[in-house]
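Each remark here refers to the structure printed beneath this line.
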Amino acid sequence: MSSETDSIVALTSGEPSGVGLELAYRAWLELNQSQPFFIIADRRHLAERIGADHCIEIQQVKDCVSALNHGLPFLHLQFAGNAPAGQVQHENSKGVIDSIRWAVGLALNKEVAAVCTNPINKNVFKHCGENQYPGHTEFLAELCHVPLTVMLLAGKDLKVVPVSGHQALIDVPQAITRSRLYSVISLSLNSLKRDFKISHPVIYVAGLNPHAGEDGLFGEEEQHIIRPVIKMLQAEGIDINGPYSADTMFHEDVRKRYHLAICMYHDQALIPLKTLHFFNAVNVTLGLPIIRTSPDHGTALDIAGKSLARPDSLIEAIRLAGAHAKNRQGLV
């Protein structure tokens, strides 16, 4: 990676009829030269949703920095249809996916420092005949040829990682194994040190069951799976504690004691995170050979084009991607 591109973030188009494009423009207004980024999108969509006068087309990644003074920089990617606000055009599905492929390719080739992905409509994979991908993260894992990815959600006052992913609650206990829990915590610990520059991370682990199982009264996962993994990691010198009852782990006084909360399932992690950081949380994908962040919200089709969407989460996602890139390069 050259000095010209060592801090540039590639932003994907996302669903062009959602709020992503308009928020990209507002992110450019906020960040400008403080965090260089460009978007991979169709020039027609940008003209429709933002206005051609507010965007500047670049031909090479390195042109991004100088272009920032004149408008939102973009690499043009031809989509099949128009992008009316709030009205998904399924013919654009391939373009949505191609934008992700392009950004990831740039990152794998060290042409950009990181990737930030705008929200997509999960149906884009179905409309392209790629039903094997339930979402962004699984697609990114395939593009990067990695077996395991982990979702870390970050806010100013709380960072959480769910051990199990988007799945029915009834399937969660089977998804929590010793090997998965160990791998998830190991990836999370590495990110805390490398990406967030926390020299001595402290991790708290939530139990799966009420009251963390109450010594087997409400379930045995804590005794047979969670606690043994914690003891194994403690023996390796890791500052990790638990399992704790999730109903007390997120109190303000308790949050001051740890850097990361490992949670057993999606809502156990996301409810406290979104309670504290509904507008500015960032999704970070761990386990990839590249840096990938995304805003922690969806396409918001119902408010697209109405100037109601807040850019906070996208701004923080772009900023955090750049910060992680600098931390990995030892620039800060």
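Numbering of residues begins at 1 and proceeds along the displayed sequence.
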To check you understand the geometry: which heavy-atom pair defines the closest contact between [X] and [Y], and what is its length?
| X | Y | answer |
| --- | --- | --- |
| L68 | P36 | CD1-CA, 3.6 Å |
| P162 | L153 | CD-CD2, 4.4 Å |
| A325 | A113 | CB-CB, 3.6 Å |
| V161 | S188 | CG2-OG, 3.6 Å |
| A154 | L320 | CB-CD2, 4.4 Å |
| P201 | D239 | O-CB, 3.6 Å |

Are the side chains of [Y] and [X] in contact, using a 4.5 Å heavy-atom criterion?
| X | Y | value |
| --- | --- | --- |
| F74 | I56 | no |
| I58 | H76 | no |
| P16 | D42 | no |
| N69 | N32 | yes |
| P289 | V146 | yes |
| Y265 | S164 | yes |
| H259 | K159 | no |
| V205 | I226 | yes |

Under the 3.5 angstrom rule, does the side chain of [X] hit a backbone N or O of [Y] as a donor-acceptor pair?
| X | Y | answer |
| --- | --- | --- |
| Q268 | G207 | yes |
| R180 | V163 | yes |
| E30 | W28 | no |
| N109 | G105 | yes |
| S183 | S179 | yes |
| S17 | Q87 | yes |
| E57 | P73 | no |
| R44 | Q78 | no |
| Q329 | N327 | no |
| S313 | D296 | yes |

For the [atom1] atom of [X] and the [atom2] atom of [Y], what is their distance to the nearest 0.5 Å?
| X | Y | atom1 | atom2 | result |
| --- | --- | --- | --- | --- |
| K94 | S99 | NZ | OG | 11.5 Å |
| R292 | T285 | CZ | OG1 | 3.5 Å |
| L11 | N118 | CG | CG | 4.5 Å |
| S186 | L233 | OG | CG | 5.5 Å |
| L77 | I39 | CG | CD1 | 10.5 Å |
| I198 | R194 | CD1 | CZ | 13.5 Å |

Single hit among D98, T117, I97 for side chain to side chain contact (heavy atoms under 4.5 Å, CB included) with T12: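 Looking at D98, T117, I97, the match for T12 under the side chain to side chain contact (heavy atoms under 4.5 Å, CB included) is T117.
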
Name of the residue among V184, V160, L260, L187 meeting side chain to side chain contact (heavy atoms under 4.5 Å, CB included) with L152: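 One option only clears the test, and that one is L260.
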
Flag if over 12 foreign heavy atoms under 6.0 Å of CG, D171: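 Yes.
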
Whether H54 and Y25 hold their rings parallel, tilted or perpendicular, with breakpoints at 30° and 60°: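 H54 and Y25: tilted rings.
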
Verdict with supporting geometry, R255 and L276, side-chain contact (heavy atoms from CB on, under 4.5 Å): CA-CA 12 Å; R255 294 198 313 270; L276 292 169; 3.7 Å; yes

Distance flag, aromatic centroids of F196 and H324, threshold under 6.0 Å: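 Yes, the ring of H324 comes within the 6.0 Å limit of the ring of F196, centre to centre.
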
Residue that, paired with Y258, satisfies ring pair (Phe, Tyr, Trp, His ring centres under 6.0 Å) out of Y204, F250, Y244: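 Of all the options given, the one that passes is Y204.
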
Electrostatic pair [X]:[Y] at N-O distance under 4.0 angstrom:
| X | Y | result |
| --- | --- | --- |
| D195 | R328 | yes |
| R319 | E316 | yes |
| E222 | R227 | no |

Side chains of N82 and H45, donor plus acceptor under 3.5 Å: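 No, no side-chain donor-acceptor pair sits under 3.5 Å.
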
Donor-acceptor pair between N209 and E221 side chains, under 3.5 angstrom: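 E221 and N209 do have a side-chain donor-acceptor pair below 3.5 Å.
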
Verdict with reasoning, N283 to T293, per side-chain contact (heavy atoms from CB on, under 4.5 Å): CA-CA 5 Å; N283 183 348; T293 65; over 6 Å; no

